[in-house]
Amino acid sequence: MRYSTQTEHGKPIPLYDEAGFEAMRAAGRVAADTLDFIAPHVRAGVSTATLDAMCEEFMRAAGSIPATIDYHGYKHASCISVNHVVTHGIPSDKKILREGDIVNIDVTPKLNGWFGDTSRTFEVGTVSILAKRLVSSAYEAMMTGVRTVRPGATLGDVGAAIETYIKAQGFSSVRDFCGHGIGQVFHDTPQVTHYGRPGTGIVLEPGMIFTIEPMVNVGTHQVTVLPDKWTTVTKDRKWSAQFEHSVAVTESGVEIFTLSAAER
Ligand code: MF3
Ligand code: CO
Ligand code: CO
């Protein structure tokens, strides 16, 4: 295992080699395939528990283990966050999707010891014009961050690009949760904030692998964690959307491990 000469709060930052990239391509493919598989099932009338069970079955059939199960006491194969739920929504048979909802599904299959982490926000039937703009802005915010990744850029550049884009849309960027190093560890160094100052923070080097997963709110960026210790909602109960890719810094720029089959 190689590490960067840079550290974060004294902790090393892994640099992965071509074998690691190959393993991440495989794990990322399972993660993206899981979302491709579940997409047509995200419809009015289905419960989030049913969607979770289907994701679990798909991940296991692909030879992977849902890494969220028993992760710090979490019990489910996915997080499913509807409307004003920002992140870590707990699948429930009481939560039935309705026309007009927006639904983030976040999965992290562990394949041969490697973690692929991705999420998308789906629209249930026809959603409001504002909700549609929120969802597309969250996707573009993520991709704006991804496009900033190249050797020599900093994590501050990535965060600043994301936050500037989100603010220009009239929305806010959640600060209490961030992207993270990933590879053979689920949540590793470095922290990838979705805000920042250009030219500050870790300098990106080929071989670094991390997620970019901005949460975009219609109203305040502030969030509240519910008494279940997981479900995170917007403080003002306005809606929130999120997308997540697992990416690597390459010699020439960036590689996305969690592209959908159509994008591959
Ligand atoms: N997949 C989430 C992330 O993007 C983490 C979920 S941890 C859980 O980092 F325990 F809430 F499932
Ligand atoms: Co993540
Ligand atoms: Co995730």
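Whatever order the structure lists ligands and atoms in, that order sets their numbers, starting from 1. Scope of the values below: all heavy atoms of this structure, side chains included, with no hydrogens, waters or symmetry mates. By convention here, the first residue in the shown sequence is residue 1.
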Contact summary for Glu213 and Asp106, nearest pair of heavy atoms = OE1-OD2, 4.5 Å
task = May I ask you to check whether Glu244 brings an N, O or S atom to under 2.8 Å from the Co ion (ligand 2)?
result = yes
task = Using a strict cut-off of less than 4.0 Å between a Lys/Arg side-chain nitrogen and an Asp/Glu carboxylate oxygen, indicate whether Lys235 and Asp176 qualify as a salt bridge.
result = no
query = Counting only N and O atoms by type, is there a donor-acceptor contact under 3.5 Å from the side chain of Thr189 to the main-chain atoms of Pro12?
reply = yes
ask   = Do Arg175 and Tyr195 meet the cation-pi criteria used here (NZ or CZ under 6.0 Å from the six-membered ring centre, within 45° of the axis)?
value = yes
task = Determine whether the side chain, the backbone, both or neither of Glu213 has a heavy atom under 4.0 Å from any heavy atom of ligand 1.
result = side chain
task = Can you pull out the closest protein heavy atom to atom 1 (N) of ligand 1? Residue, atom name and distance to 0.1 Å, please.
result = Asp106 OD1, 3.0 Å
task = Record the part of His72 in heavy-atom contact with ligand 1 below 4.0 Å; permitted values are side chain, backbone, both and neither.
result = neither
request  = Examine Asp117 and say whether one of its N/O/S atoms is closer to the Co ion (ligand 3) than 2.8 Å.
outcome  = yes
query = Any N/O/S atom of His180 sitting less than 2.8 Å from the Co ion (ligand 2), backbone or side chain?
reply = yes
Protein contact to atom 9 (O) of ligand 1 [nearest heavy atom, distance to 0.1 Å] = His187 NE2, 2.7 Å
ask   = In terms of side-chain geometry, is the basic nitrogen of Arg43 or Glu99 positioned less than 4.0 Å from the acidic oxygen of its partner?
value = no
request  = Report yes if Glu244 has an N/O atom closer than 3.5 Å to an N/O atom of ligand 1; otherwise report no.
outcome  = yes
key: Contact (N/O only, under 3.5 Å) between Thr68 and ligand 1   = no
Polar proximity ligand 1 side, Tyr71 side, N/O cut 3.5 Å exclusive = no
ring-ring contact (aromatic ring centres under 6.0 Å, His included) assessment of Trp114 paired with Phe257 = CA-CA 12 Å; Trp114 295 79; Phe257 294 128; 9.3 Å; no
inquiry  = Heavy-atom pairs closer than 4.0 Å: do any link ligand 1 to the side chain of Ser119, the backbone, both, or neither?
reply    = neither
task = Taking only heavy atoms of Trp230 into account, list the atoms of ligand 1 that are under 4.0 Å away from them.
result = 8 (C), 10 (F), 11 (F)
query = Do you know which two heavy atoms are closest between Ala161 and Thr144, and how far apart they sit?
reply = O-CG2, 3.6 Å
request  = Give the atom name of whichever N/O/S atom in Glu213 sits closest to the Co ion (ligand 2).
outcome  = OE2
query = Does a side-chain N-to-carboxylate-O contact under 4.0 Å join Glu205 and Arg150?
reply = no
ask   = For ligand 1, which atoms have a heavy atom of Thr108 less than 4.0 angstrom away?
value = 1 (N)
ask   = Is the shortest side-chain N to carboxylate O distance from Lys75 to Asp70 below 4.0 Å?
value = yes
query = Considering only heavy atoms, does Asp117 approach ligand 1 within less than 4.0 Å through its side chain, its backbone, both, or neither?
reply = side chain
request  = Could you point out which residue of Thr118, Asp117, Thr34, Thr68 forms a side-chain hydrogen bond (donor to acceptor under 3.5 Å, both in side chains) with Thr108?
outcome  = Asp117
